[in-house]
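First the structure, in the form of structure tokens, and then the observations on it.
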Amino acid sequence: MKLNIEGLLVYFPYDYIYPEQYSYMLELKRTLDAKGHGVLEMPSGTGKTISLLSLILAYQKAYPLEITKLIYCSRTVPEIEKVVEELRKLIEFHCKETGEVNNFLALALSSRKNLCIHPEVSALRIGKEVDGKCHTLTASYIRAQRHSDPSLPSCRFYEEFDAIGRQIPLPPGVYNLDDLKEFGQKKGWCPYFLARQAILHANIVVYSYHYLLDPKIADLVSKELTKKAVVVFDEAHNIDNVCIDSMSVNITRRTLDRCTSNVETLQTTIQRIKETDASKLKEEYRRLVEGLKEANVARVTDVFLGNPVLPAEVLQEAVPGSIRTAEHFVGFLKRFLEYLKSRLRVHHVVQESAPQFLKDIFQKVCIDRKPLRFCAERLRSLLRTLEIADLTDFSAITLISNFATLVSTYSQGFTIIIEPFEDRTPSIANPVLHFSCMDPSIAIKPVFERFQSVIITSGTLSPLDIYPKILDFRPVTVASFTMTLARTCLCPLIVGRGNDQVALSSKFETREDFAVIRNYGNLLLDMSAVVPDGIVAFFTSYMYMENIVASWYEQGILENIQRNKLIFIETPDAAETSMALEKYQEACENGRGAILLSVARGKVSEGIDFVHHFGRAVIMFGVPYVYTQSRILKARLEYLRDQFQIRENDFLTFDAMRHAAQCVGRVIRGKTDYGLMIFADKRYARADKRGKLPRWIQEHISDGSLNLTVDETVQLSKHFLRQMAQPFRQEDQLGLSLLTIEQLESEEMLKKISQMAHQA
Amino acid sequence: MASLSEEVLLVLKKVRQRKQDGTLYLMAERIAWGPEGKDRFTVSHLYSDIRCQKISPDGKAKIQLQLVLHTGESSTFHFSNDSSALTDREAAKDLLQQLLPKFKKKANKELEEKNRMLQEDPVLFQLYKDLVVSQVISAEEFWANRMSTTNTENTLSDKKQDVGISAAFLADIRPQTDGCNGLRYNLTPDIIESIFRTYPAVQQKYGENVPHNLTEKEFWTRFFQSHYFHRDRISTGVLDIFSECAKQDEKGLKSMVVQGVKNPLVNLLSMEDKTIEEGYGFSAAASTSNPNRTGKENSNSAIIKRFNHHSAMILAAGSRRGDAPNDQASETSSTDGNSRDSDLFQPPIKKVKLQEAIDYLDLQREDGPKTVALNLKKSDRYAHGPVPLESQKYTTSQDIINSITCIRHEMANYVPNLAQVLTSSAVSSAIAALSPGGLLMQTGTQQAINQMVPSEVQGELKHLYIAAGELLRHFWTCFPVNSPFLEEKVVKMRSNLERFQMTKLRPFQEKVQRQYLSANITGHLEDMLQTAYNKLHAWQTRRMMRKI
């Protein structure tokens, strides 16, 4: 259908539309008009992605000078591929309706691991190894060496691409990862570098968060992207953690040991080169004196390591004299290393700020701030000069030099914590230096500053005001959309008591309580008898799940559950869990029914959807608070309080509730789907917890279902499931939660829709 | 004696039956007992006739073994050898325990089948009552040519559906304390089969060790004692024969994991696009698993692994047979080894799954052929209604819609053709002539019979007809008589028929005559019997002539 969104003609590739999709597009259009940023929450399964894509595509077509590019960031590879498929559908529809030939280029970009077609390299399968192997085949000096010695191995796909493919732009079309590979196979070009080059002129780029948020990668990949772009962060409920992750460093004793051997290798290599080819080192030195570090603009294949700090912070001056010669620099690294080793020898926990650390290092080993800032840059130059191909071995020294640069660049928003042992095992010495970022806004700031519009969207972003606060930006639109439903297809229930009136809670004091564990078991057992097909249960942590499973086993609860359904359990091992997941789906598929026990914040809770019969009920055992005793977390909470005036408890609850919402949101993936959401903890009933759930879940919690017993829950569930099992046809939805174009254009409906967006 | 050629498995002396001393013989196919000093068996049961055996409780003075037959009869043997009564009994019991299940299956199946047929078919049941229970023909004769038909049916439907395994079968083996520090596990053949199907490693062990190294009982005792069965599987001793099973399980689990998953959407390994490198990250530090976990934690994670494995095995056991060809296909593809191959296979699944994931069915207009919704007034009639034998000619719902519109159209244009109808007087006279008692209907007394004869007599007559029909069918199938067996049978059938006439038909006739003198409702039955006698007579005279 063709829609008129405030004067913009939008092609929407379906015959019907949900009211909230229309409303979402309205808000999005306003954000783009204002050239500002937006925070939009819309339940999963209401076609968020297609609405986004339809509107932005239409906008791009209508105002090609205003917006030249859409950068769509998602979290996982399957998500990325899904987005591209939706895009394909949209563009096909567009072409069919307008009769034009498609002139849009849209593509997905992923790491070499997912794009490499070189038979030997791609067989390695592990990201780091693929990258390293690729580098040994394609680095410019390797290729230069090959001129004199043709027997050296090469990658024919890259050579072909370099010879021919560079000049020929990728023809318009939609390229998913597999399409790129296929195209590469056909032409004999390397798909990875093809894609890297193509994103510069593509109209739509779909890739992972890291390509924009991790400065080490963003510097390489996304540096030259146009400013007139819309950036979308989908599934953005965890965006602050991604930001923090990309800027934090942990150093253990093992890292330092590996570092030492790295430094030794460097030293011997320098020695050897000095004897054979001293001019090389001299040339490097000359370059560094002139401050022309970027003059020999490295070929795209060489730049393997990005600078860990943000582009704005990279110094535009020459490398200081003290570390200019290779030997001096190695000596400098050695000193730095020794200092770190001495710091790790502590017997008590140390916490200090970056300036304190710098002051201490100056006093102890006379290392200045300035050479430290150039550490990463200098190492990069050295490694290139020494022509060390396989950089995977040098990850330790790279880590250390990145740390040096980070710690000397940022005086705010970071903390250093040195722990001599883990809290749980105080007798075993395992010193770790955490250099952790506490301010997610640091990493995302350049994105907000650089691009015209940044849209942060997800199914669960409540409470909406907290994201602008912790990411430190000023949005022009903040809106939450609820799901219009012809029938109430979700049923959130809060179980506060067992049948014996014992209060159910996962809080620390009652965590080991036998009665609580037993009642949790009974809840699962009773539900397993009532709910058809799949049930997913989430625990607050892996440890907690292990303990509960063990005690359920001893009490024979699991045996009884097995009478009703098969049991699968998430393990820390991803491969094992994948297998369990697949078997779980198989069991749901063939009618046996299964239960998946899983962990909030785990891989399953983040990336897997349980559509239709794969999840008819989800049970959240406890409130998934983060482990609060961690010093890093405490430091972060303190920082949040001081900088953003967010109280510790508010943040902890916010964090717990967004994970709970993520978990329970996994079962509802659309209006034809249905599922029970059982919150098994009495604390959910409190207003401060409940109020932080997304609006589309909150509005279905009735006052009567705030403190149910297990039996009551089972009764309500039975009733709900029986109702939902009735046939549900399109006609039932039409006019209420599903609109035709005529219905949409009626005065009344438009009025209703305009009121729908919930402005926070 | 015929039984001399049989293999005698066990001989037990001094066994009393009905207060008589004697010897108990366990043969390959039957159990028999003969009184002392005589060389014939007074008691002999085929194993397949035995439903179960019972033994007297341990404390009792009399050491007895009772055999209960399917017919409900039972024989009790009393072991009276002072010194070895108990061991004798145990020996007999153990042997029977091994033998009975073998025969039981067969016997049970037949019995079940017969039972089922009788239950499902009331007519057959009545026939059975008429002929077998009243001892007109023997049960074997009755079933002889019934079963042959059912057997052919059976072979057709022999690929019966496999029953899945209950996930909780291990839980069903509840140990019971026997009061003196012992545990008793009750195993049924079903449970054993479940164990074997779920854990092929155990079956293999069973095959290797039973009965050469261990008796069945010892095997299961060890099974339950072994750590394999229990949760703390970590410290399996070397002596334990099941430690190898545990290792095999581990291997199986690993290979399952290595094989990876087919559905790319659940593959957690390839979820992350760019993994955070070692040493970076905020959460990475928290999740570094420390290798020195305590024993308890270790056993907990062993439980979790075991549950995953158990569920996977049960699932596999359930779908093994159905998926066999599929599995093979995937195996051949994976035996080629290199990853490129599997890559080639991957895209279709991936494409399909991705499409599934992005489709919003309710946003699309429903297309495809128009269908007529099924509107059931009585759903049970739909479920159990008669099945047309030849329903090859299906009509599509489109056809139905077409024909409905067609009929509707015709009805709309229908104009009665009033010129060609009869006059009303002619019609009324024709109706009068055709009514009972009318001109054309005077000779029809038959139509009154259902009013004359009460329904119970009608029912009885029906049964008689069915019974006679059955017997006559047996009779007529003997012709042409071309074997001595058939000759014998035809003569026997004649006597059967005569007996039927005497015991069933005559009394009925008398009864009817007493009540309704006029009606001769059994005439036709007698005619049929007479025809049969005539045929037999003709055949016999012809044979006599030939002999002469």
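So you know, we letter chains A, B, ... as the sequences are listed, proteins then strands, and number each from 1.
Using a 4.5 Å cut-off between heavy atoms, A580(A) contacts chain B through its side chain alone, with no backbone atom that close. For E570(A), the part lying near chain B is the backbone, with the side chain staying farther off; criterion is any non-hydrogen pair under 4.5 Å. Residue contact with chain B, scored on non-hydrogen atoms closer than 4.5 Å, involves the backbone of L109(A) exclusively. Using a 4.5 Å cut-off between heavy atoms, I17(A) contacts chain B through its backbone alone, with no side-chain atom that close. In this structure, no portion of Y627(A) lies under 4.5 Å from any heavy atom of chain B. Interface remark: I608(A) contributes side-chain atoms only to the contact with chain B (heavy atom separation under 4.5 Å). Neither the backbone nor the side chain of R631(A) comes within contact range of chain B; no heavy atoms are under 4.5 Å apart. Using a 4.5 Å cut-off between heavy atoms, E356(B) does not touch chain A at all. For chain B, the nearby part of Q733(A) is the side chain; its heavy atoms alone come within less than 4.5 Å. With a 4.5 angstrom heavy-atom cutoff, T571(A) touches chain B only via side-chain atoms.
Of the listed residues (Q585(A), E79(A), M579(A)), the greatest number of heavy-atom pairs within a distance under 4.5 Å of chain B belongs to M579(A). When the candidates N308(B), V258(B), L354(B) are compared by the number of heavy-atom contacts under 4.5 Å with chain A, N308(B) comes out ahead. Among A587(A), P572(A), P13(A), S74(A), the residue with the largest count of heavy-atom pairs under 4.5 Å with chain B is A587(A). Counting heavy-atom pairs under 4.5 Å between each of T740(A), V611(A), L558(A) and chain B puts L558(A) at the top.
Taking 4.5 Å as the limit, every side-chain heavy atom of M256(B) sits out of range of all side-chain heavy atoms of E576(A). With contacts defined as side-chain heavy-atom distances shorter than 4.5 Å, the pair S311(B)/K583(A) does not qualify. Counting heavy atoms from C-beta on, the side chains of Q21(A) and L363(B) come closer than 4.5 Å. Side chains of I314(B) and R592(A) form a contact here, defined as non-hydrogen atoms less than 4.5 Å apart. Inter-residue side-chain proximity for S578(A) and V266(B) is flagged as unmet; no heavy-atom pair is nearer than 4.5 Å.
In this structure, CD1 on I304(B) lies 8.0 Å from CG on L597(A), to the nearest 0.5 angstrom. Put simply, CG on L566(A) and CE on M313(B) are 13.0 Å apart, with the number rounded to the nearest 0.5 Å. To the nearest 0.5 Å, the span separating CD1 on I567(A) from NE2 on H310(B) amounts to 8.5 Å. The CD atom of Q355(B) lies 8.5 Å from the CZ atom of R88(A); values are rounded to the nearest 0.5 Å.
The environment of K82(A) atom NZ is dense: over 12 non-hydrogen atoms of other residues, nucleotides or ligands sit within 6.0 angstrom.
Screening residues 561-585 of chain A for ring-ring contact (aromatic ring centres under 6.0 Å, His included) gives Y584(A)-F610(A) as the qualifying pairs, with residues at least two apart or on separate chains.
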List the steps, then state whether side-chain contact (heavy atoms from CB on, under 4.5 Å) holds for L581(A) with N267(B). CA-CA 8 Å; L581(A) 254 174; N267(B) 191 353; over 6 Å; no

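Between A550(A) and N300(B) the shortest heavy-atom distance is CB-OD1, 3.1 Å.
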